[in-house]
Chemist: 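Take this structure first; my questions come after.
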Amino acid sequence: MMRLPRFKYVGPRSVEEACRILAAEGPAAQIVAGGTDLFPNMKRRQQTPKTVIGLRRIESLRARDVSGAARLGASLTLTELVRDRALRAAYPALQTAAFSVATPHLRNMGTIGGNICLDTRCNYYDQSFEWRRSISFCMKKDGETCWVAPGSPRCWAVSSSDSAPALLALGAQVTLASARGERTIPIDALFADDGIQYLTKKPDEILTAVALPAHAGWRSTYLKCRRRGAFDFPILSVACAAKMQGDTVLEARLVLGAVGSRPFLADASHLQGARLTDDAIEETAEKAAKLARPLDNTDLNLTWRKRVARDYVRAALREVRGDGPQRVPTGLLPECAGVS
Ligand SMILES: Cc1cc2nc3c(=O)[nH]c(=O)nc-3n(C[C@H](O)[C@H](O)[C@H](O)COP(=O)(O)OP(=O)(O)OC[C@H]3O[C@@H](n4cnc5c(N)ncnc54)[C@H](O)[C@@H]3O)c2cc1C
Ligand code: SF4
């Protein structure tokens with residue numbers, strides 16, 4: 001049985017108090033929301049905070065306003081988002097992404113803030129302490145070498161959050177609070193393409209809220225590729241949001257998730273003002289799929305994962321065009337399970 005290491009737990013009642021504690025404790029402290037990512041990581045000694053600051057008692061982080069535009073407190077659980085009918089109608093990509101996270105129990109505990117700040121994943125890292133010690137650890141924690149790309153100066157661990165690509169496609173902004181004050185940034189600016197420093201958030205900042213722009217005229221969708229339909233982290237995902245007038249695109253955002261250390265915004269500028277024809281969809285899918293340069297550090301065959309990226313983008317674009325639910329290649333196909 002894997003046990004948690006010893007740590008001090010504090011449960012502040014306000015964001016201000018949480019920020020003060022975080023500033024005083026320094027990098028040895030870490031925030032916990034639902035704990036569905038942090039506590040397993042602590043058991044595996046991937047993360048070893050001396051102080052854990054719980055957000056559960058901070059009421060303001062559970063606020064929610066979904067009228068016109070939306071503002072979601074960081075501590076809202078994924079289940080609360082999934083069950084919110086107004087949110088579901090306005091931002092289907094977010095609702096689908098939240099619903100695809102883990103299992104009902106984990107969604108009851110897991111929060112939107114925790115999902116956005118989810119640690120990056122890698123087959124050489126998401127292992128027990130003993131397993132990692134047997135390979136002399138790796139660059140992301142306690143070691144020096146990247147076993148996925150030995151000689152690489154950086155870590156390639158994969159952004160595996162389901163909500164992150166959806167929020168990026170929806171044009172979300174996040175609010176970060178610290179003892180120094182508050183700032184709001186586009187969620188795109190929160191992510192960095194580095195498996196270790198995957199967030200630009202400062203260590204003393206707490207993500208307090210997510211804001212979504214008004215949804216009138218927008219359609220959105222989220223498609224996720226994983227081994228098991230019941231529950232699994234994404235190994236490729238595509239989120240798409242488009243403001244349409246008939247079959248003409250006024251504005252569109254297309255995002256690929258789980259193909260690198262952050263979600264990537266694809267260039268969809270050529271769609272602006274254009275009709276979303278089959279040819280336009282094919283051209284966009286071809287271009288966007290080039291962003292998928294997966295490495296052999298997650299599940300399933302990497303050549304297959306790269307190949308199906310185009311199918312997922314095409315399907316997402318057809319869904320926002322209004323073609324209805326599309327079939328996509330699944331992780332259950334025999335050809336995707338082979339060793340790459
Ligand atoms: C079996 C299993 C399957 C899973 N499957 C999926 C999946 O399919 N898709 C997926 O996306 N995730 C998956 N997860 C991961 C996790 O359950 C979810 O990502 C969940 O939403 C994390 O939220 P949390 O509140 O529990 O985060 P926590 O564990 O509390 O925190 C996660 C990280 O975010 C930081 N953090 C949390 N809240 C804040 C905040 N407000 N401000 C600043 N930092 C913060 C913490 O310090 C920590 O580093 C899975 C987990 C398990 C155990
Ligand atoms: S990508 Fe390399 S450094 Fe990063 S977690 Fe995997 S093996 Fe470690």
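Order of appearance sets the numbers: ligands from 1, and atoms from 1 within every ligand.
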Chemist: So, T96 versus R88: side-chain donor-acceptor pair below 3.5 Å or not?
Modeler: no
Chemist: Could you tell me whether the side chains of Y125 and D119 share a donor-acceptor contact shorter than 3.5 Å?
Modeler: yes
Chemist: Under a heavy-atom criterion of less than 4.0 Å, does P40 contact ligand 1?
Modeler: no
Chemist: Which option wins on minimum heavy-atom distance to atom 29 (O) of ligand 1: L38, T208, V32?
Modeler: L38
Chemist: Would you say C155 has an N, O or S atom lying under 2.8 Å from atom 2 (Fe) of ligand 2?
Modeler: no
Chemist: Checking only N/O/S atoms, does C138 have one that is under 2.8 Å from atom 8 (Fe) of ligand 2?
Modeler: yes
Chemist: Distance-only criterion, 3.5 Å: show the donor-acceptor pairs between side-chain atoms of residues 254-269 and protein atoms not counting sequence neighbours.
Modeler:
residue: S261; atom: OG; partner: R154; partner atom: NH2; Å: 2.9
residue: S261; atom: OG; partner: A157; partner atom: O; Å: 2.7
residue: S261; atom: OG; partner: G195; partner atom: N; Å: 3.3
residue: R262; atom: NH1; partner: D188; partner atom: O; Å: 3.3
residue: R262; atom: NH1; partner: F191; partner atom: O; Å: 2.8
residue: R262; atom: NH2; partner: D188; partner atom: O; Å: 3.3
residue: R262; atom: NH2; partner: D188; partner atom: OD1; Å: 2.4
residue: D267; atom: OD1; partner: S269; partner atom: N; Å: 3.0
residue: D267; atom: OD1; partner: S269; partner atom: OG; Å: 2.6

Chemist: Which atoms of ligand 2 sit under 4.0 Å from any heavy atom of Y124?
Modeler: 7 (S)
Chemist: Of all the heavy atoms in I206, does at least one lie under 4.0 Å from an atom in ligand 1?
Modeler: yes
Chemist: Which residue supplies the protein heavy atom nearest to atom 3 (C) of ligand 1, what is that atom called, and how far is it?
Modeler: A102 CB, 3.7 Å
Chemist: Got a sec, which residues hit salt bridge (charged side-chain N to carboxylate O under 4.0 Å, His left out) with E80, two or more places apart in sequence or on another chain?
Modeler: R62
Chemist: Identify, by atom number and element, the atoms of ligand 2 in contact range of K140, meaning under 4.0 Å from any of its heavy atoms.
Modeler: 3 (S), 5 (S)
Chemist: Considering only non-hydrogen protein atoms, determine which one is nearest to atom 53 (C) of ligand 1 and report residue, atom name and distance to 0.1 Å.
Modeler: T36 O, 3.7 Å
Chemist: Report, in ascending order of atom number, the atoms of ligand 1 lying under 4.0 Å from any heavy atom of F231.
Modeler: 1 (C)
Chemist: Could you identify the single nearest non-hydrogen protein atom to atom 7 (S) of ligand 2 and state the distance to 0.1 Å?
Modeler: W147 N, 3.4 Å
Chemist: Taking atom 52 (C) of ligand 1 as the point of reference, which of L106, I31, N41, L55 owns the nearest heavy atom?
Modeler: L106
Chemist: How about C122: does one of its N, O or S atoms come closer than 2.8 Å to atom 6 (Fe) of ligand 2?
Modeler: yes
Chemist: Select the closest option to atom 31 (O) of ligand 1 among G114, A74, S75, judged by heavy-atom distance.
Modeler: G114
